Amino acid sequence: MANMIDAAKREIETLVTTAYNKAVAEDVLPPGGEDVIGTIDIPRDINHGDYASAWAMAAAKPLRLPPRKIAEALMERLELSGTYFSEVQVAGAGFLNFRLSDRWYRTVLQTVETMGADYGRSDVGRGEKVMVEFVSANPTGAMTIGNARGGVLGDTMAAVLDRAGYDVWREFYVNDAGNQVDLFAESLEARYIQLISGEDAVIFPENGYHGDDIKDLARIFYEEHGEKYLSVDTQTRRADMTAFGLRYNIAKMEADLERYGITFDRWFNESELYESGYLEETVDLLIAGGHTYEKDGALWLNLMDLGAEKDDVLRRANGHYTYFASDISYHRDKFIKRGFDRVIDVWGADHHGHAIRFKKILPAVGIDPERLDFLIMQLVRLTRDGETVRVSKRTGKSITLADLLDEIPKDAARFFFSSKPDTHLEFDLGLAVRQDSENPVYYIQYAHARICSLVDTLAREGAAVQSADQVDLDQVAGDYERALIKSIARLPEEVRTAARDYDPSKVNRYAWELASSFHGFYNNCRIKGAAPGVLEARLKLADAARLAIACCLAILGVSAPEKM
């Protein structure tokens, strides 16, 4: 079994149930505990054993006996021979404290050896078809630091789900239609005309896009087409400029994200919903269901009747559909048309209210809202030397994803941005480039490189890594060695809970803890020059740690260097 944490807990459940049934058959304990489920925990203090079962406490009420008396009766009937446990003791009010046997430790090493780069993979998801939609940045401008965080969270969430046995699909939703694209066209047109005829030649749209990137796009368009578009009609000019600008920006997004280690299975264009008639069909469905009303020429979605705090506009008075209308149509496409079992949308903190209202309307279009989940991420604050950083050193403008990757390594960006999504993130740019143990990604990568160097050096000296069946586990029975094996065993469980909780940062934190466990082992347990038998056993343990670290880094999209 790949998940040896789960395997140990299940075996305890079986052992306790079997012991209880024996005690009942012998009239030592009364019936009534057949449905009791006791917690099984890993004690913080190793002196309390490796696993602690609270079954006796849970059974005290239905059996009407003191938990310690129940625990003692169970302990006398526990058959540990051939199991993952070597010893059990009754402690405190009635805990059953189990100690792991060599069989469990050896099975951990065998599992890592057998699964290799797939270590930590399971079938928990049973092939459930899941879409993770993330980044989905507005293509009218550059990607922000928020997009940088959302990109990593979405990508690592997808990687965690994949390793947990889900059929995962990554998607980027391109907002290439609607009001914001019209403003984009008007802004680009104005800058183009001003570039040729001067600032006073045309009034820039008051609510247009004022950034320098629009000026840059206008200049590129001019360099390609000259003054040709001054003489064409407005509709043609704006349509061609929109196509040019979106094509240019989306290509830049793709390049930046690929540089960031992120690729998508599909870039879905919002315009497809318009062109196919699917958006209009969705709105008609809502109208027919009695979920809309008209006010001041606009079409509104009646969400307050469904328990939301306010209603939302579906179609403005000018005939333009809103984001809300497009989103409902897009999710119909995800669930109804393409048949995803579940969808996870990675959104920013400012979308929290929108997410709550959005789920209210899904039943009206035939979607179970429980099939849609949101990963809402909090804001990012960049700092350097304790000071907030708002502009790029290179450009002097607001920091974009591209600017960030120009300043710090991709590995550091991905690692830091994979922190817990529902907390505000203070990203220390100075820490991200440090090459010492204070930088967590460096600390983890150094552990991997250190093991690679050790394995390579010993192999040249004739001490190759042996199979798990060949090593003598009696030679790695010390505290640091056993602690490292137990740390290695945690990876499948961390992946399982990260997938369950939509929290890829569990892998982030675990990777650091695993590296810390290895460094403690390495600094206290001599490998090179150790006695025969000891060297081979410790080398095998180090190599298993290397592979587990590499699996973590692969999930996080961070490189696993062999030399540093």
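Computed from a prediction, not measured in an experiment: that's the story for all the values here. For the numbers below, each heavy atom of this structure counts, side chains included, while hydrogens, waters and symmetry mates do not.
A salt bridge links R357 with E309; the closest basic N to acidic carboxylate O contact falls under 4.0 Å. The existence of a salt bridge linking E254 and R259 is excluded, since no basic side-chain nitrogen approaches an acidic carboxylate oxygen closer than 4.0 Å. Between E493 and R490, none of the side-chain N atoms (NZ, or NE/NH1/NH2) sits under 4.0 Å from a carboxylate O, so this pair counts as no salt bridge. Of the charged side-chain nitrogens involved, none lies within less than 4.0 Å of a carboxylate oxygen, so that R371 and D341 do not count as a salt-bridged pair.
Two residues are said to be in side-chain contact when any heavy atoms from C-beta on lie closer than 4.5 Å; P139 and N175 meet this criterion.
S187 contributes a side-chain N or O that, together with a main-chain N or O of Y209, makes up a donor-acceptor pair within less than 3.5 Å. N3 places a side-chain N or O within donor-acceptor distance of the main-chain N or O of I5, the cut-off being under 3.5 Å.
Remark: D350 CG is packed, more than 12 non-hydrogen atoms of other residues, nucleotides or ligands lying under 6.0 Å away.
Aromatic rings from F268 and F172 are positioned such that their centres are separated by 6.0 Å or more. Residues F358 and H331 bring their aromatic ring centres within 6.0 Å.
Annotation: the span from N508 atom CG to E494 atom CD amounts to 11.0 Å, rounded to 0.5 Å.
Side-chain atoms of H291 and D305 include no donor-acceptor pair closer than 3.5 Å. Side chain to side chain, R315 and T322 fail the donor-acceptor criterion of an N or O pair below 3.5 Å. With hydrogens and angles left out, the side-chain atoms of D233 and T236 include a donor and acceptor closer than 3.5 Å. Judged by distance alone, the side chains of T140 and N138 do bring a donor and an acceptor atom under 3.5 Å apart. With 3.5 Å as the limit, one finds no donor-acceptor pair spanning the side chains of Q378 and T423. With hydrogens and angles left out, the side-chain atoms of N179 and Y321 include no donor and acceptor closer than 3.5 Å.
Cation-pi contact between R191 and F204: present, with separation from the ring centre below 6.0 Å and deviation from the ring axis of at most 45°. A cation-pi geometry, defined here as NZ or CZ lying under 6.0 Å from the six-membered ring centre and within 45° of its normal, does not hold between K334 and F340. A cation-pi contact, defined as under 6.0 Å to the ring centre and within 45° of the axis, is absent between K129 and Y166.
In this structure A432 satisfies the side-chain contact (heavy atoms from CB on, under 4.5 Å) test together with I408, A412, F416, F427, sequence neighbours excluded.
Paired with F134 under the rule ring pair (Phe, Tyr, Trp, His ring centres under 6.0 Å), one option of W169, F374, F264, Y502 passes, and it is F264.
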